[in-house]
Amino acid sequence: MWCPKCRTEYRDGITVCAECGSSLVNDLPVEIDSSPAENNARILSQTDSQENLHALSDGNKAYVEMGTRYEDMKSTAYSFMLVGAAGIVLMLLLFTGVISLQFAAYMKGLMGVVMGIMFLIFLVIGIRSYMQLGSLKEQVGKEMQETDAAKTWFFENFRADDIDASMEILPEEEVQQKYFKRSRHMKQALHMQFPTYTDAFLDYLTEQFYEELFPQD
């Protein structure tokens, strides 16, 4: 979604621009006769504004938990190693005559080369994925420590009422408007306290803490 006035991109679900209050549209109108200098100035202005506000990242940069990455990598490693090893064993049984299939000699040789290479690639991918599990497991522990540190600090210093008061949020404001203001304020605070955390990880923490602070939304 885009603001036709500010030309700022928002993620799906938000219908009103937080800066100017304009209704969002699916696509921006094409600008004609706009000079390169004007375009560059507009892009730099938008980029600077987004960096200063530490706005939430869009869905394409969504953070994936390390635990999920670890499980996905483990599943990939075991699956590829199993298929690769089973395929190589099958090819050996075929060429040693333990399993008999009626093929012409040239077809048998061609199939052996193609299938053998494919199963070998599967096995290599599985082994390489397995070797990465140790590093990912360490990152899982690091992520848990960083999450606990951020959570402890945040909930010792912030309450839902304090956030709404500091952002001057009114009860009659739309849910999307409240969400954007609160989330932006929370992410700014987390970024100031934990500047080494990545942008995507800050988005993830903001979402987690928001759900705890404002379950009614």
Side-chain angles (χ1 to χ4, degrees), residues 1-24 28 39-70 135-217:
M1 302 296 290
W2 294 84
C3 173
K5 184 176 179 181
C6 302
R7 307 187 72 83
T8 302
E9 184 179 9
Y10 291 84
R11 67 179 189 177
D12 292 341
I14 298 177
T15 59
V16 179
C17 177
E19 301 302 321
C20 66
S22 299
S23 298
L24 303 184
L28 286 175
N39 285 332
N40 290 337
R42 175 174 54 81
I43 292 172
L44 289 173
S45 176
Q46 290 180 1
T47 302
D48 182 64
S49 175
Q50 291 172 350
E51 289 178 350
N52 289 337
L53 294 176
H54 301 291
L56 296 180
S57 301
D58 57 33
N60 294 328
K61 300 179 181 178
Y63 183 80
V64 179
E65 295 181 6
M66 285 298 171
T68 300
R69 296 185 190 184
Y70 176 82
S135 175
L136 277 177
K137 194 169 185 178
E138 292 180 0
Q139 294 181 49
V140 171
K142 179 182 178 183
E143 180 191 69
M144 293 178 62
Q145 293 177 354
E146 291 180 343
T147 301
D148 290 342
K151 186 173 183 178
T152 299
W153 172 82
F154 186 84
F155 284 99
E156 284 180 352
N157 293 276
F158 292 91
R159 295 185 306 173
D161 294 341
D162 296 334
I163 293 176
D164 283 357
S166 63
M167 297 302 296
E168 299 181 352
I169 294 177
L170 304 177
E172 60 271 18
E173 290 187 46
E174 293 186 2
V175 174
Q176 296 96 328
Q177 192 83 348
K178 292 179 180 179
Y179 169 81
F180 189 86
K181 288 183 177 180
R182 291 165 175 168
S183 298
R184 184 173 59 187
H185 179 72
M186 292 166 63
K187 185 178 177 181
Q188 285 177 330
L190 287 168
H191 176 74
M192 293 296 294
Q193 182 66 21
F194 304 97
T196 59
Y197 288 10
T198 65
D199 191 68
F201 188 45
L202 290 173
D203 286 337
Y204 166 77
L205 293 175
T206 300
E207 290 288 343
Q208 299 297 313
F209 299 165
Y210 189 98
E211 291 178 1
E212 291 191 42
L213 282 177
F214 306 101
Q216 69 278 8
D217 292 344

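These numbers come from the heavy atoms of this one structure, side chains and all, not from hydrogens, waters or symmetry mates.
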Qualifying residues under salt bridge (charged side-chain N to carboxylate O under 4.0 Å, His left out), relative to Glu212, sequence neighbours excluded =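 With sequence neighbours excluded, Glu212 shows a salt bridge (charged side-chain N to carboxylate O under 4.0 Å, His left out) to Lys151, given in chain and number order.
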
How would you list, by chain and number, every residue that makes a salt bridge (charged side-chain N to carboxylate O under 4.0 Å, His left out) with Glu138, sequence neighbours excluded?
->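 By the salt bridge (charged side-chain N to carboxylate O under 4.0 Å, His left out) rule, Glu138 matches no residue at all.
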
Set of residues satisfying side chain to side chain donor-acceptor pair (under 3.5 Å) with respect to Glu65, sequence neighbours excluded =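 Partners of Glu65 by the side chain to side chain donor-acceptor pair (under 3.5 Å) criterion, ordered by chain and then number, come out as Tyr204.
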
Residues in side chain to side chain donor-acceptor pair (under 3.5 Å) contact with Ser135, at least two apart in sequence or another chain =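 Expected list: Gln139.
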
Does the Gln177 side chain pair with the main chain of Glu174, one donor and one acceptor, at a distance under 3.5 Å?
->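 Not at all, since once roles are kept as given, no pair shorter than 3.5 Å links the two residues.
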
Gap between atom [atom2] of [Y] and atom [atom1] of [X] - 0.5 Å precision:
{"X": "Leu205", "Y": "Glu143", "atom1": "CG", "atom2": "CD", "answer": "8.5 Å"}
{"X": "Phe209", "Y": "Lys187", "atom1": "CZ", "atom2": "NZ", "answer": "13.5 Å"}
{"X": "Phe201", "Y": "Met66", "atom1": "CZ", "atom2": "CE", "answer": "8.5 Å"}
{"X": "Gln208", "Y": "Thr147", "atom1": "CD", "atom2": "OG1", "answer": "8.0 Å"}

More than 12 non-hydrogen atoms from neighbouring residues, nucleotides or ligands closer than 6.0 Å to NZ on Lys137, yes or no?
->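 Count not over threshold, so no.
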
His191 side chain reached by Asp199 side chain, heavy atoms, under 4.5 Å =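 They are not in contact (no side-chain heavy atoms under 4.5 Å apart), so the answer is no.
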
Can you check whether Phe158 reaches His185 side chain to side chain, under 4.5 Å on heavy atoms?
->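 Sidechains of His185 and Phe158: in contact.
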
Pairwise salt bridge (charged side-chain N to carboxylate O under 4.0 Å, His left out) hits with a residue in residues 162-172, at least two apart |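 Found Arg159-Asp162, Asp164-Arg182.
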
For Phe194, all residues meeting ring pair (Phe, Tyr, Trp, His ring centres under 6.0 Å), sequence neighbours excluded =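 Checked Phe194 against ring pair (Phe, Tyr, Trp, His ring centres under 6.0 Å); matches are Trp153, Tyr197.
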
Quick check, are the ring centers of Phe214 and Tyr179 under 6.0 angstrom apart?
-> no

